[in-house]
Amino acid sequence: MANAREVLLRIKSVKNIAQVTKALQAVSASKVQKAMQAMYRTRPYATKAWQVLTHIAAQPGRRTLHPLLVERERVENTLVVLISGDRGLAGAYNANVVRFVLKQFGDYEAPVRYITIGRKGRDMMLRRRQEIVAEFSDLPAAPEFEDVSAIGRMAVEEFLTEKVDEVYLVYTDFFNMVKQVPTVKKLLPLEFEDEGGRVQDFDATHQGPEAAYIYEPGQEEILDEIIPRFTALQVYQAVMESLASEHAARMVAMKNATENATELSGALQLEYNKARQATITGEMLDIAGGAEALAQS
Amino acid sequence: MPIRCEIVSQDRLIYEGDADTVVLPGIDGEMGILPNHAPLLSTLNYGVVRVRYQGNEEAFTVAGGVVEVQPDIVTVLADRAENVREIDISRAEAARERAERYLEEGPPPDSDAYLRMDAALRRSRLRLDAVRRYRGRGGRRPDIPSVLEDN
């Protein structure tokens, strides 16, 4: 059995750990609330913007509409924007999204390059010898669209200059406090989705298959403005979702850590009591033995 | 058959509901949208979006943005938007004065601060204009609290 004093020291350190994790849990709890609110505030706009983009992409003759809609015949290079956290102690949050991205793009048909957001993702990808073309870290705690729009613009730029032939976005989708799911979304070229088939349906009944959108002022001006901006907006929303996910994951991880520490300190306390009791019993036996010896002499 | 109308600004959902007509401040002038309109995509000017449904009218100020029209839905993606009923007149007034005073001091006209203030001035003028024109038309929108009408 361990020495009582050693056990006492361990109890102390475990209790210290519990205190730290509990504080971190409280901080994360308030951060996750704020991040969630911010995320829900911007979600409607981002969702609608995405719908508009899929509608545009679903138009007949879309291939000639705008360079960002054109699917390249051969995919020679792929770009992946990976969103992770700057800090650890968030359970499996960072590891999950990195494992996910490697599973998706580990042995992809074309060479894959990465833009990473968040220090943890960058470090893990570097350790696995992946090619990183740009990295962004130390985003503000509550990013505005302007803080991340450069990232989206960069992705658009890489695509337009034909350095890459497709762009994917990998982030952690926030469902609720205990469920966050790594997700991949194809950003460019914009993909046709069945959901966006309404334009054609309408044309078929009203105007024949050729007609699509009416543009005010002109098609080129409006598409040039909308498509890059709405694409950058998707990156922004993904950052917001990931941020909420990170805080939620950290909060849950810290809650578990606090519970484990409390449990451990309970077990150690029991061990300490036993050790203490054993010492006392030993001393009593010594005294009794000594007294007995004296009485006999 | 009504058309669905959704107005979102960058930071929230402003309005969601049915409409008989939606009037939009298009970049080349006002546009009225009726149900079954052909698909249309347009940028928006500073101005007022009016949503009319069963004799009631709601007005929203928008500071630029984009609108997508589908036969059964109008989606307004505004850079900033507000329901005219929610506009705080004293704040808008104060913002206008602040912007006007700043612009009179004559900072370099191409600086960021100048452009920001100019945009702020246009927004607050738009708000005050909208309040004057679309509030206090009694009767048509009986659900407006009278406190607001006193302003």
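In what follows, every heavy atom counts, from backbone to side chain, and hydrogens, waters and symmetry copies are set aside. Throughout, a chain's letter reflects where its sequence line sits, starting with A, and its residues are numbered from 1.
Counted by atom type alone, Thr75(B) and Gln51(A) present zero donor-acceptor pairs between their side chains at under 3.5 Å.
Considering all non-hydrogen atoms of both residues, Gln180(A) and Thr172(A) come closest at CB-CG2, 3.6 Å.
Residue contact with chain A, scored on non-hydrogen atoms closer than 4.5 Å, involves the side chain of Ile27(B) exclusively. For Val67(B), no part sits under 4.5 Å from any heavy atom of chain A, backbone or side chain.
Looking at Glu93(B) and Arg127(B), no side-chain N of the basic residue comes within less than 4.0 Å of a carboxylate O on the acidic one, giving no salt bridge. With respect to Asp11(B) and Arg80(B), no salt bridge is recorded, no charged nitrogen being found less than 4.0 Å from a carboxylate O. A salt bridge is defined here as a Lys NZ or Arg NE, NH1 or NH2 lying under 4.0 Å from an Asp or Glu carboxylate O, and Lys48(A) with Glu6(B) meets this definition. A salt bridge does not link Asp86(A) with Lys120(A): none of the charged nitrogens is closer than 4.0 Å to a carboxylate oxygen.
Summarising the local packing, CZ of Arg72(A) is surrounded by more than 12 heavy atoms from other residues, nucleotides or ligands at distances under 6.0 Å. Counting non-hydrogen atoms of neighbouring residues, nucleotides and ligands closer than 6.0 angstrom, the NZ atom of Lys186(A) exceeds 12 such neighbours. When the shell of 6.0 Å around CD of Glu30(B) is examined, it contains more than 12 heavy atoms from other residues, nucleotides or ligands.
Options Thr43(B), Leu41(B), Val8(B) differ in how many heavy-atom pairs under 4.5 Å they form with chain A, and the most are formed by Leu41(B).
For residues 222-230 of chain A, the interface with chain B (any heavy-atom pair closer than 4.5 Å) comprises Ile222(A), Leu223(A), Glu225(A), Ile226(A), Arg229(A), Phe230(A), sorted by residue number. Along residues 156-164 of chain A, no residue comes nearer than 4.5 angstrom to chain B, judged on non-hydrogen atoms.
Ring-plane geometry between Phe60(B) and Tyr15(B) is classed as tilted, the angle between the planes lying from 30 to 60 degrees on a 0 to 90 degree scale.
Of the possible polar contacts, none joining the Ser137(A) side chain to the Arg119(A) backbone as a donor-acceptor pair under 3.5 Å is found.
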